[in-house]
Amino acid sequence: KAQIELSFEPIPGIPEPGKYHFLVVTVSPQGDRMIATTAEGLGGSLVEFERISGAWKEIGPLIFVNSNKALQARVRVSFDASGNTIYFEGHYPDSYGGADIYSSTRVNGMWQSPVNLGPGINDGHSQLSPWISADGERLFFAIEGENPSGEIKIYYSERDASGNWKARKPCYSNLKF
C-alpha cells in the first residue's frame, strides 16, 4: 500500500483553532474577501476576513446578518461578481416558514440588514445553499422538506427586467438522499 502524508500550514491571518470553529468558508470572486460560517452552540455566525498583503485579516462578525440568532450552523454564502452582495439562508422574523434566502449588500464597508428575496423564491419549507451566477441574473438553490420522501430539490430563479426575482422553477435533475 502506498502511503500519502499530508501536512497543512496555517493560513496567514486566520485565527488559530479555538477562537472559531469554521464550518463553511466562501471567498469572493476577487479573492480579497472571505466569509466564514462559525459554530456557536446550535446556531451559526458569519465572520468576515479581508486579504491584505497576502495575509487574511479578521474584519469581524457581520452584525446585521448575525442578529436574532437567525443563522443555522452551516450557512452557505454566495458572493455576487462584485463581491459586494452576498446571498445566504437564514431564519429571521420575516421568514415564510423554514430557512429563507436573503441578500445583504455592503455599503461604505458595512453589510446592510438582510433582505428576504420574497415569495417567488421562499415558502414554508427550507431554502438552502444559494448560488448566484456570475452575471447575477440566476440564483440556484435547494429546497428541503417539500415532500415526506426526503428529496432535496434544486431550483433556480431569474431576474425580470426590473431586477426582481421571478417565481422559481425546478431544475430537471434533482437529487435523492
Do Y155 and W165 sit in one hydrophobic cluster, given that two such residues count as connected whenever their side-chain heavy atoms are within less than 4.5 Å of each other, even indirectly? yes

Do W131 and I121 share a hydrophobic cluster (ILVMFWY, side-chain heavy atoms under 4.5 Å, transitive)? no

Grab the two heavy atoms, one from [X] and one from [Y], that are nearest each other, plus how far apart they are.
X	Y	result
P119	Y96	CD-OH, 3.1 Å
N84	W111	O-CZ3, 3.5 Å
G118	N116	N-OD1, 2.8 Å
A134	A81	O-CB, 3.3 Å

Would you compute the distance between atom [atom1] of [X] and atom [atom2] of [Y] and round it to the nearest 0.5 angstrom?
X	Y	atom1	atom2	value
L46	I86	CG	CD1	6.0 Å
Q127	S129	CD	OG	11.0 Å
L128	I101	CG	CD1	7.5 Å
F88	T37	CZ	OG1	10.5 Å
M110	I59	CE	CD1	11.0 Å
S133	D80	OG	CG	10.0 Å

Taking the side chain as C-beta and beyond, is there a heavy-atom pair between [X] and [Y] under 4.5 Å?
X	Y	value
Y102	S95	yes
E89	R76	yes
L139	L117	yes

Is it true that a side-chain atom of [X] and a backbone atom of [Y] form a donor plus acceptor pair closer than 3.5 Å?
X	Y	answer
S104	P114	no
H91	G97	yes
R138	Y156	no
S126	E144	no
S157	K166	yes

Check the pair R159, E137 against side chain to side chain contact (heavy atoms under 4.5 Å, CB included), reporting the backbone distance first and the verdict last. CA-CA 5 Å; R159 291 189 191 268; E137 295 298 314; 3.5 Å; yes

For residues 102-124, the salt bridge (charged side-chain N to carboxylate O under 4.0 Å, His left out) pairs (sequence neighbours left out) are E48-R106, D123-R168

The criterion is side-chain contact (heavy atoms from CB on, under 4.5 Å); which residues satisfy it with S28, sequence neighbours excluded? Q30, D32, R33, F79

